[in-house]
Amino acid sequence: AKAEGRGTLVVYEQGMDMVVQDQHALEIDLRLALQRGEFEIHYQPFIKLGSDTVDGFEALVRWRHPNHGLISPDRFIPLAEETGIIVPLGAWVLERACADAMSWPKTMKLAVNLSPIQLRQGNIVDTVARALKISGLRASRLELEVTETAVLAGADSRRALELIAGLGIAVVLDDFGTGYASLSHLAEMPFKKIKIDRGFVANLPTHSTSRAIVAAITNLARELGMEVTAEGVETEEQLIILKAAGCTNAQGYFFARPHPHSQIEFNVMKPVDG
Ligand code: C2E
Ligand code: CA
Ligand code: CA
Ligand code: CA
């Protein structure tokens with residue numbers, strides 16, 4: 001069903017409905033969506049292991065399309081990046097999420113994803129500083145998640161990350177293990193935290209190599225003074241292995257799915273053993 005030919009894009013929705021749209025039409029839709037306020041942010045908690053408390057929430061953008069319903073970011077972020085719409089969209093996410101976080105308990109952090117395109121753009125540091133200023137959120141409560149691609153994108157991107165870290169914002173290396181960056185890159189950048197991609201987490205109970213990789217990552221991170229979050233934790237079995245390996249934080253459906261701001265809960269829903 002994906003072979004719809006060039007210039008078309010297939011949007012799969014919940015249920016079996018399938019919508020085929022011209023790429024250009026979707027691009028126009030995407031541009032208008034920002035003006036029309038069709039984007040919304042869902043928040044998923046990340047848990048501090050040990051105290052087993054909510055450490056903060058990650059902002060995950062969705063598109064509430066008038067005809068197609070809720071569209072997941074995997075479907076429109078790549079197009080937003082190709083077209084540059086990610087720049088104003090990303091700025092909106094930052095401002096909206098910082099404002100939302102102001103109503104949370106003061107200990108709770110906010111994590112926001114940054115696209116490599118946003119980092120390459122000259123004024124990302126201003127955009128971030130502005131979101132903090134408008135909302136009144138303290139820099140120490142903000143975490144910005146970037147992938148290895150962003151780090152490898154060039155000296156300007158790395159410089160921007162250093163300036164962001166200089167503001168007191170935690171820079172987090174996202175999707176760790178999926179890219180090409182060597183472990184030595186880790187020490188060169190001001191990362192506060194590493195997020196282990198959920199692909200490794202899913203394989204933990206059955207693949208001893210995944211367990212070995214996770215153990216190696218947590219050991220290295222500890223040496224470098226970085227925290228380690230395991231993402232995509234769905235079962236208690238995975239959680240027990242991750243705790244034993246020395247992960248400091250965890251996130252995943254086992255604890256909570258992403259929810260609209262009005263529905264988030266500040267307490268861990270499940271007791272954590274092991
Ligand atoms: P990510 O940053 O790696 O975010 C984690 C993704 O895993 C989220 O998908 C989340 O809903 C999902 N997830 C969390 N726990 C579990 C679990 O236990 N099991 C499974 N199977 N999945 C889990 P989502 O919300 O669809 O976001 C997909 C990606 O879109 C994100 O991956 C991120 O790269 C990107 N994204 C989302 N929001 C933004 C944004 O505001 N800006 C940018 N640049 N990218 C964003
Ligand atoms: Ca992320
Ligand atoms: Ca991931
Ligand atoms: Ca990602």
May I ask whether [X] and [Y] are part of the same hydrophobic cluster, defined by side-chain heavy atoms of I, L, V, M, F, W, Y residues being less than 4.5 angstrom apart, directly or through others?
{"X": "I85", "Y": "L60", "value": "no"}
{"X": "L114", "Y": "I134", "value": "no"}
{"X": "V172", "Y": "I77", "value": "no"}
{"X": "L144", "Y": "V61", "value": "yes"}
{"X": "W104", "Y": "V112", "value": "yes"}

Measure the spacing between [atom1] of [X] and [atom2] of [Y] and express it to the nearest 0.5 Å.
{"X": "T248", "Y": "F46", "atom1": "OG1", "atom2": "CZ", "value": "10.5 Å"}
{"X": "N113", "Y": "E58", "atom1": "CG", "atom2": "CD", "value": "4.5 Å"}
{"X": "D52", "Y": "L239", "atom1": "CG", "atom2": "CG", "value": "7.5 Å"}
{"X": "L242", "Y": "L49", "atom1": "CG", "atom2": "CG", "value": "8.0 Å"}
{"X": "L89", "Y": "L94", "atom1": "CG", "atom2": "CG", "value": "10.0 Å"}
{"X": "H259", "Y": "I264", "atom1": "NE2", "atom2": "CD1", "value": "10.0 Å"}

Practice task
Start with the C-alpha distance between T53 and K48, add both sets of side-chain angles, then the distance that settles side-chain contact (heavy atoms from CB on, under 4.5 Å), and finish with yes or no.
Solution key: CA-CA 5 Å; T53 51; K48 190 179 258 326; 4.2 Å; yes

Nearest heavy-atom pair of [X] and [Y]: which atoms, and what distance?
{"X": "A131", "Y": "C98", "result": "O-CB, 3.9 Å"}
{"X": "L167", "Y": "A139", "result": "O-CB, 3.2 Å"}
{"X": "A202", "Y": "Q238", "result": "CA-NE2, 3.6 Å"}
{"X": "Y253", "Y": "P258", "result": "CE2-CD, 4.1 Å"}
{"X": "N203", "Y": "G199", "result": "ND2-O, 3.3 Å"}
{"X": "E145", "Y": "A111", "result": "OE2-CB, 3.5 Å"}

Between K193 and the options V228, N249, L173, the side chain to side chain contact (heavy atoms under 4.5 Å, CB included) test singles out N249

Q.
Check this for me: K133, atom NZ, are more than 12 non-hydrogen atoms of other residues, nucleotides or ligands nearer than 6.0 Å?
A. no

Quiz item: So does R159 have more than 12 non-hydrogen atoms from other groups sitting under 6.0 Å from CZ?
Solution: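 No, the 6.0 Å shell around CZ holds no more than 12 heavy atoms from other groups.
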
Set of residues satisfying ring-ring contact (aromatic ring centres under 6.0 Å, His included) with respect to F76, sequence neighbours excluded:
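ring-ring contact (aromatic ring centres under 6.0 Å, His included) check on F76 returns F39, W63.
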
So do [Y] and [X] actually touch side chain to side chain, heavy atoms under 4.5 Å?
{"X": "I164", "Y": "V125", "result": "yes"}
{"X": "T229", "Y": "K195", "result": "yes"}
{"X": "R62", "Y": "P73", "result": "yes"}
{"X": "P116", "Y": "E81", "result": "yes"}
{"X": "L161", "Y": "M189", "result": "yes"}
{"X": "E223", "Y": "N219", "result": "no"}

Query raised in the report: Does the pair E231 and D197 meet the rule for a side-chain contact (heavy atoms from CB on, under 4.5 Å), with working shown?
Result: CA-CA 6 Å; E231 67 171 33; D197 192 66; 3.1 Å; yes

Fill in: side-chain contact (heavy atoms from CB on, under 4.5 Å) between E40 and H261, worked out
CA-CA 9 Å; E40 55 187 70; H261 188 239; over 6 Å; no

Are the side chain of [X] and the backbone N or O of [Y] linked by a donor-acceptor pair below 3.5 Å?
{"X": "R120", "Y": "S157", "value": "no"}
{"X": "R211", "Y": "L204", "value": "yes"}
{"X": "Q263", "Y": "P260", "value": "no"}

Query - Steps toward side-chain contact (heavy atoms from CB on, under 4.5 Å) verdict (R130, T127) - result: CA-CA 5 Å; R130 194 179 127 85; T127 304; 5.7 Å; no

Discussion item. Is it the case that the side chains of T83 and E27 hold a donor-acceptor pair, with the cut-off being a distance below 3.5 Å and no angle test?
Written reply: no

When you check the side-chain N and O atoms of H42 and Q44, is any donor under 3.5 Å from an acceptor?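 No donor-acceptor contact under 3.5 Å links the two side chains.
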
